[in-house]
There are 2 protein chains.
Amino acid sequence: MTIAPQLAEVAHLVADPGRANILSALMDGRRLSAGELAEIAGVTPQTTSSHLAKLVGRELLIVEKRGPRRLYRLASPLVAQMLEGLMTVAAAAAPRFRPASRIDAEMRHARTCYDHLAGELGVALADAMREQGHLVLDADGGEMTAGGIGFLTGLGADLIVPAGSRRPFCRPCLDWSERRPHLAGRVGAALADLAFRQDWIRRRPRGRSVEITEAGLAAFRSHFRARI
Amino acid sequence: MTIAPQLAEVAHLVADPGRANILSALMDGRRLSAGELAEIAGVTPQTTSSHLAKLVGRELLIVEKRGPRRLYRLASPLVAQMLEGLMTVAAAAAPRFRPASRIDAEMRHARTCYDHLAGELGVALADAMREQGHLVLDADGGEMTAGGIGFLTGLGADLIVPAGSRRPFCRPCLDWSERRPHLAGRVGAALADLAFRQDWIRRRPRGRSVEITEAGLAAFRSHFRARI
DNA sequence: ACGACGTTTCGATGCCAATCGAACTGTTCA
DNA sequence: TGAACAGTTCGATTGGCATCGAAACGTCGT
């Protein structure tokens, strides 16, 4: 009850289109300079500076001085999770007009979601792994099977099992574009890491969307049996 | 990228203190009338009506006419999850002044979080079940052990196992007051349901906080070995 | 030391939206 | 049919804040 004011305060930070653009661009965990963010936000550097100061003051962002420029990044994965939650609701409510820009299409096709894969690619991989018996996943939770752990490890994924002899956890992350869960958590991060290392996917210069290489397409189809 | 405007729009709905109060009060899934919500929001009925219209228009709330009055509730669990994410960040960032009201204390002690238990009680039960080997849970995911399923079922919990012979999933929900995960998902809902049915806890008239009965205290300590 | 560049601060402007009083609609009960 | 009550609509006021121009700041090159 009493947190409601603080709740409103945090929401207010995201409620500005410019700031929403900034936060959305930083969702993959990268560090961007104030100038780059100004261009992304679509406002002047002065205005951007004001926005960034608010976001840092409320500890949604962390800034580090690198020479004459300042690099900003999300303060924690919790912020990314919060944004993902907002996006899910934003995508679910009011489909409205879809301008369907090229960037939009790229984002829907394949993108990173903080540290894991999302979009059609992310959902297709999760579906395929489920069908192959590597994974059990629904909106409430997920679990790797023994076979699934062997499968990913065999491909070169680094599934760190923490001190306790527990299984490496995976969690679902509701995909705002596909409206179905994709694979997140430690396993999701390991899978994305593997895909980048094997050059199956590459980051596009701007934004969070990624490009699937020829080798990637072949690997996703042959190894994962994904329908993409 | 292109969802940023919609992201801002949804955040804007939560960014008003009155609306944040309303949404927070509805987080347990109950249905409240416009009048009750006006009192909770702390504004006049006219203003509340305007707020509610916006929330319904954006499909965050659902309204049903019940005689001369209208009952409002969250449109989906996704909205509750979104709010929980915002609260987590709100509580983590800027501890600030803690007015420490009585309601605040009650909320911290024990409350419902949509369909499961949160606060000191929720976290204590999750901790205890973990220590007793009933449960494995961390920030990324959770899993019931076979013993844990037997334990809860023996107490009378209704753990619905879906069609596939999968285990009933549980998921962690980061507690904004305790800053540690408590038990959510199907198992969390079943546990809360059990506690209400056994009269271990009772809803307080206003708000989402719950009161632990004497029988509840005894049950939580003897059956669960919880430290509360 | 100076100039260039990236970034921030200051100050003024303009817009959006939260708010409430008053009046209106609709439902229930006598 | 009319009274009582819940809720909404309308209109006017208000305050907060996003925005940008201009200027200052700090850091790095030469």
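Note that the structure is predicted; figures quoted are calculated from it, not measured. Every chain is numbered from 1, with letters handed out A, B, ... down the list of sequences.
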Exercise. Hey, is the side chain of B/His12 poking within less than 4.0 Å of OP1 or OP2 on D/dA18, counting only N and O atoms?
Worked result: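 For B/His12, the contact criterion (side-chain N or O under 4.0 Å from OP1 or OP2 of D/dA18) is not met.
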Exercise. Given D/dC17, is OP1 or OP2 found less than 4.0 Å from the side-chain N or O atoms of A/Lys54?
Worked result: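 Answer no for this pair, as no side-chain N or O of A/Lys54 is under 4.0 Å from OP1 or OP2.
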For this session: Of all the heavy-atom pairs spanning B/Leu183 and B/Cys170, show the shortest one and how long it is.
Result: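 Distance-wise, the nearest heavy atoms are CD1-CB, 3.5 Å.
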Exercise. B/Arg179 and B/Ala91: which non-hydrogen atoms are nearest, and at how many Å?
Worked result: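 Shortest heavy-atom contact: NH2-O, 3.1 Å.
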Exercise. Any ion pair linking B/Glu64 and B/Arg73 (charged N to carboxylate O, less than 4.0 Å)?
Worked result: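 Looking at B/Glu64 together with B/Arg73, the answer is yes, because their closest N to O distance falls below 4.0 Å.
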For this session: Answer yes when B/Glu106 and B/Arg108 have at least one side-chain N-carboxylate O distance shorter than 4.0 Å, and no when they do not.
Result: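 Between B/Arg108 and B/Glu106 there is no salt bridge, as every charged N stays at least 4.0 Å from the carboxylate O atoms.
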Distance in angstrom units between [X] [atom1] and [N] [atom2], rounded:
{"X": "B/Ile22", "N": "D/dG7", "atom1": "CD1", "atom2": "C1'", "result": "13 Å"}
{"X": "A/Asp16", "N": "D/dG16", "atom1": "CG", "atom2": "P", "result": "18 Å"}
{"X": "A/Leu13", "N": "D/dA18", "atom1": "CG", "atom2": "C1'", "result": "14 Å"}
{"X": "B/Arg69", "N": "D/dA4", "atom1": "CZ", "atom2": "P", "result": "18 Å"}
{"X": "A/Leu52", "N": "D/dT19", "atom1": "CG", "atom2": "P", "result": "12 Å"}
{"X": "A/Gln46", "N": "D/dA24", "atom1": "CD", "atom2": "C1'", "result": "13 Å"}

Exercise. Is there a side-chain contact between B/Val63 and B/Leu71 (heavy atoms, below 4.5 Å)?
Worked result: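 SC-SC contact between B/Val63 and B/Leu71 ruled out.
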Problem set entry | B/Ile62 and B/Leu74, any side-chain heavy atoms less than 4.5 Å apart |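 SC-SC contact between B/Leu74 and B/Ile62 ruled out.
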For this session: Describe, in one word, how the ring planes of B/Phe220 and B/Trp200 are oriented to each other, choosing from parallel (under 30°), tilted (30 to 60°) and perpendicular (over 60°).
Result: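 B/Phe220 and B/Trp200: perpendicular rings.
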For this session: Decide whether B/Ser209 and B/Arg204 meet the rule of one side-chain donor and one side-chain acceptor closer than 3.5 Å.
Result: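 A donor-acceptor contact under 3.5 Å links the two side chains.
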Exercise. What is the 5' to 3' range of DNA chain C, first to last nucleotide, that sits under 4.0 Å from any heavy atom of chain A?
Worked result: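 Taking any atom under 4.0 Å from a heavy atom of chain A, the span is C/dG6 to C/dT9.
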Exercise. Taking for each residue the nucleotide of DNA chain D bearing the nearest heavy atom, is the 5' side occupied by A/Thr44 or by A/Pro68?
Worked result: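 Result of the comparison: A/Thr44.
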Exercise. Between B/Thr48 and A/Pro17, which has a closest nucleotide on DNA chain D that is more 5'?
Worked result: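 Result of the comparison: B/Thr48.
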Exercise. How would you label the contact of A/Ser33 with the nucleic acid (heavy atoms, under 4.0 Å): base, sugar-phosphate, or nothing?
Worked result: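 Since only primed, P, OP1 and OP2 atoms lie under 4.0 Å of A/Ser33, the category is sugar-phosphate.
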Exercise. Base, sugar-phosphate alone, or nothing: which one does A/Arg66 contact when heavy atoms must sit under 4.0 Å apart?
Worked result: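 If one applies the 4.0 Å heavy-atom cut-off, A/Arg66 turns out to touch nothing in the nucleic acid.
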Problem set entry | End axis versus end axis in the helix from C/dA1-D/dT30 to C/dA30-D/dT1, the angle rounded to 10°, five pairs used at each terminus |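 Answer for the end axes of this duplex: 30°.
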For this session: Please answer whether the main-chain N or O of B/Gly156 pairs with a side-chain N or O of B/Arg197 as donor and acceptor at a distance below 3.5 Å.
Result: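 Confirmed, B/Arg197 side chain pairs with B/Gly156 backbone.
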